[in-house]
Structure formats: C-alpha cells, structure tokens
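So the structure is just underneath, and the comments pick up after that.
For clarity, every value in this text was computed on a predicted model and none was experimentally measured. Residue numbering restarts at 1 for every chain, and letters A, B, ... go by the order of the sequence lines.
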2 protein chains.
Amino acid sequence: MYNADEAAGAPTAIICEKIWLAIAERRLRPGTRLKEEQLAEIFSVSRARIRQALTALERDGLVTIMPNRGAFVSEPSVDEARDVFVARRAIEQRVVERLCERATPKDIVRLRGHIEEERIAGRSGNLSDIVRLSGGFHLLLAELSGSAFLFGILRDLVSRTSLITAMYRSNHLHNCGPDEHLAVVEHIAARNVASAIKEMAEHLNHVEAELDLDEEKDQPRDLRTALL
Amino acid sequence: MYNADEAAGAPTAIICEKIWLAIAERRLRPGTRLKEEQLAEIFSVSRARIRQALTALERDGLVTIMPNRGAFVSEPSVDEARDVFVARRAIEQRVVERLCERATPKDIVRLRGHIEEERIAGRSGNLSDIVRLSGGFHLLLAELSGSAFLFGILRDLVSRTSLITAMYRSNHLHNCGPDEHLAVVEHIAARNVASAIKEMAEHLNHVEAELDLDEEKDQPRDLRTALL
DNA sequence: GTACACAATATTGTCTACAATTTTGTAGTC
DNA sequence: GACTACAAAATTGTAGACAATATTGTGTAC
C-alpha cells in the first residue's frame, strides 16, 4: 500500500529542500536548467507549486529565473562569492559578540554537542550530513545569539555558501570545520570577545581560502567572454 | 480616453510598491486584513497576481500570511523592532567601514546631493518623500559600499524600519535625519573610520530612541495577553 | 553556398474555475 | 438561559487550461 513515489504531493517547503540538497550535494550543477513541467512530474505536483518553490529558491539565491526563459541553478561569480563572505564576516562577528554576552551554559553544551555530531559525520564520510551540519553550526550560533534577523540573514548566506562551495571547491579539502568550530565555542564559553571574533574571522577566511576563487573561473558565465 | 483606474493591469512590482507606500504612510495600519479578492478588484488584476505580491511583501516582513487565514499588515513586536536595529547596526557598521576605504570623490558628491534632496523634502513636508529619501540615504551608502549583499540585506531592513516607524513613532518627531546623515558622509570623506562608525551608530541609536519602544505596547498582539 | 526571413515547437506566464478550510450564524438540547 | 453541535457563507489554496514569448528548424532568395 506504499506510494512508490515518496515525494508525491509534497508541500512547497519539501520541494525546496530537496532541490537545495541536490544543489548542495552537487547532483545539480550550477547552470543546470530547471524545467517546470519536468520538475512537476518528478515531484508529482502541479506546475504552480513548482513555480512557488522556484521563486522561493530564487530569493535564496540558489536559482536564477530569467523572464520567459526559465529557471537555472545559479552560477555565482567570483565577485559574488567573495561578497557572500564579506557579508558573513559582518553578520557572524556580531553573532559572536552577542553570544559572548548572552550564552548560557546550556547553550555551550548544545554547541559542543553539535560539533560532536559534525565529527561523527566527518568520520562516516556522509557528504550530505557534513554539508548540512557544517552550515548548521553557524546557524545554531546565530539562533542562540537571540536575534531572529541575524539568524534569517545568515540562513540565506549559508545557503549561498553551499552553492559557492559546490561550485568553487578545490580538490584538496581538508575538513578543518569541527576543530575551528570548537575553538570559537571555547572562546565564547570563556567570554573572551576579542578572541572569539578573531577565531571566527580566521575560520571564515580559511573557508574562503580553500575555494578556487582566484583568476581563471572568472568569466565563463558569458559565452562571449568565454569563447572570444 | 483615459482609464479611470490608474493602477489597472499593473505588474507585481507596482502593486508591491503601492501597498508598501500605503503602509509606510500609515494609510494601512498594522494588523489590517488584506483580502485577496478585494485587492484584486482595487488594482484591477487577477487574484493570482495579488498572491504573488503578498508573498513578496511577506518576504520583506511587511505583511504576515497565516495559512488558510489570510494576509495582514505585520505588527512587529517591540522585540522584533529592536532586533531590526541590532541587525542594522551590524550591517551599516560594515558598510561605513568599506566606504571609508573605497568611496570616490564622485560618491561623496552623490551622497551630499542626496542629503540636499532630503532637506528640500523636509521643508516641503511631503511625508511620502521624507520616508523614501531617509531610507534611501542608507541604501545609497550600501550601494556605494560595493557589496550587493549588504545592499540587499539593508533593503530588507529599511523596509521593516519603515513599518516599525509607522507603528511606534512617538508624537514628537524632530527630523534629525539630514544633519546626522551629513555628519556620517563628512567623516567618510575624511577617511576617518572610527568617527564614521561612531556617528552612524549614534544616528541609528537616535532613530531607535525616538520610537515608543518602552514597555506598554508590548503584548497587544495576542488577544489573551491583551485582555486577561 | 550562405544568410535572412518565416514557421513550428517548446516553455513560460497568466487567468479562471474548483476544492479545502476556516469562520460565522443558527438551531437544538440540557 | 447557556452551551454544544451542525450548517452555511466566505475566503484561501490548488489545479488545469489558455495565451504570450522565446528558441529552434526549415525553406527560399541572393
């Protein structure tokens, strides 16, 4: 009596998440065209619902909709990629500042627990979990900072970071996540604002530095500049 | 041969703007119900288009959509209002920092020109222009900072600030905008990062302080807490 | 043989009708 | 007389059909 298609009749949010995950896991490459009718069939929903999902994904920056042309998985340029990190440094500095003032022992426990999950995922090698938990750590910090807006903004930025990582990740990725995450948490636990901010800034710099964001892949977006 | 209804057949963006303006000018009060069919008739468009506009406005935080219940003009709580300023201080600090490094003489001219417009609007007393230009100054700073994301985030925050101002504005508003704006610009022109940041922070504090954000109006959102 | 114009196809954008849900009003019963 | 259950009205949510637009393929003229 089971429905063979587990995604049948899924609400908009589920569809968004499935597409988001596919992008984050690189099953959907940047530039891929997303035909509405095709998606509607895959998810066994109406095209109207797919359109809702696509517009939602567009505002998260994961897909780009060109009028009368269709939706594509976004291809953030190098400049846009760097820009995401500019914004993240601004937001996350403030998040860390606030946490140094407000973090409860319970919060610290929760953060350490999350890092432990990251370690487990790292050992198991489950890419989906690694991607989700790594971003989740930063989101958890934002959530605990008590500012719904900083959280919301960072949610956006983490999504975009996933796409950027999928697009520009260099071959040699050494999973430095959990260790640096723990360092940030310990500074927060010690209420050492300056150190916590510095650690977070360095962490974000490391993440950015691990990407192939230099020269080369700069203009393959436009056919003209790519071929001439 | 003129169509009596000037908004007939308007695209989604126009509808959003008209509603946004109505909220910013307090013609639509927080909590007002926005019936889709009614709006569709007013703007002479289909209900589907109204739905698009409403979901876009929800994303900007100006309206709240409750499933199967309808759309209402948002009623940001005091906490949410303060939160907007937390986020703005974080974003605008970074905007000012970047501008101190990157602002060209041309940028400074443009900023001074904008402030002049604000002064003119202030003298004419056109509330619509005052609201728009006052927020526009901050958006111009963000635009000139060269970060599309900081700009996009601030765009959101300025919209929400308009709603908050409409909701919590105290009776005695002394239009301190242009003068403080000019002070920020002059510090930027002088490449004085610390002073510019400080001036901006104080300006935002003043704007926040002018609102009736203390106690009282805290929980009239929920009928239960309002009446019991 | 090449280039331009035109037609066919495919895909998106929009509107209208139907279904589901909530709210409001009414009647019946304790 | 008040409370509960039911029914009717109104409003939102969804889906399917139609129209507009862009792209691709073909034919003809130079």
### Task
Check the side chains of D107(B) and T104(B) for a donor-acceptor pair under 3.5 angstrom, ignoring hydrogens and angles.
yes

### Query
Atom CD of E41(A) and atom P of dG16(D): how far apart are they, to the nearest Å?
13 Å

### Phosphate-side-chain proximity, R69(A) and dT23(D), N/O vs OP1/OP2 below 4.0 Å
yes

### Nearest-Å distance for atom pair CD/P, residues E36(B) and dA10(D)
17 Å

### Query
Counting side-chain heavy atoms from C-beta on, which of dT14(D), dT12(C), dG13(D) comes nearest to R49(A)?
dT14(D)

### Task
Starting from C1' on dT11(C), measure out to CG on L34(A) and report it in whole angstrom.
13 Å

### Query
Given atom NZ of K35(B) and atom P of dT22(C), what is their separation to the nearest angstrom?
18 Å

### Query
Which class fits the ring pair H203(A) and H181(A): parallel under 30°, tilted 30 to 60°, perpendicular over 60°?
perpendicular

### Query
Does S134(B) reach the main-chain N or O of V131(B) with its side chain, forming a donor-acceptor pair under 3.5 Å?
no

### Task
Measure from the side-chain heavy atoms of Q52(A) and tell me the nearest of dC15(C), dT14(D), dT14(C).
dT14(D)

### Length of the line joining F72(A):CZ and dA22(D):P, which is rounded to integer Å
14 Å

### Query
Are R88(A) and T161(A) close enough that a side-chain donor and a side-chain acceptor fall under 3.5 Å?
yes

#### Entry: Length of the line joining I15(A):CD1 and dT14(D):P, which is rounded to integer Å
10 Å

### Task
Take atom CE of M66(A) and atom C1' of dT12(C), then tell me their distance rounded to the nearest Å.
13 Å

### Query
Where the side chain of R47(A) is defined as all heavy atoms beyond and including C-beta, which of dT12(C), dC15(C), dT11(D) is the nearest nucleotide?
dT12(C)

### Shortest non-hydrogen separation from P178(B) to E118(B) and the atoms involved
CG-CB, 4.1 Å

### Query
What's the closest nucleotide to the R33(B) side chain, out of dT22(C), dT11(D), dT12(C)?
dT11(D)

### Task
In whole angstrom, give the distance that lies between atom CD of E37(A) and atom C1' of dA10(C).
9 Å

### Query
Reckon R51(B) has a side-chain N or O less than 4.0 Å from the OP1 or OP2 of dT12(D)?
no

### Query
Counting side-chain heavy atoms from CB outward, which of dC15(C), dA15(D), dT21(C) is closest to N68(B)?
dT21(C)

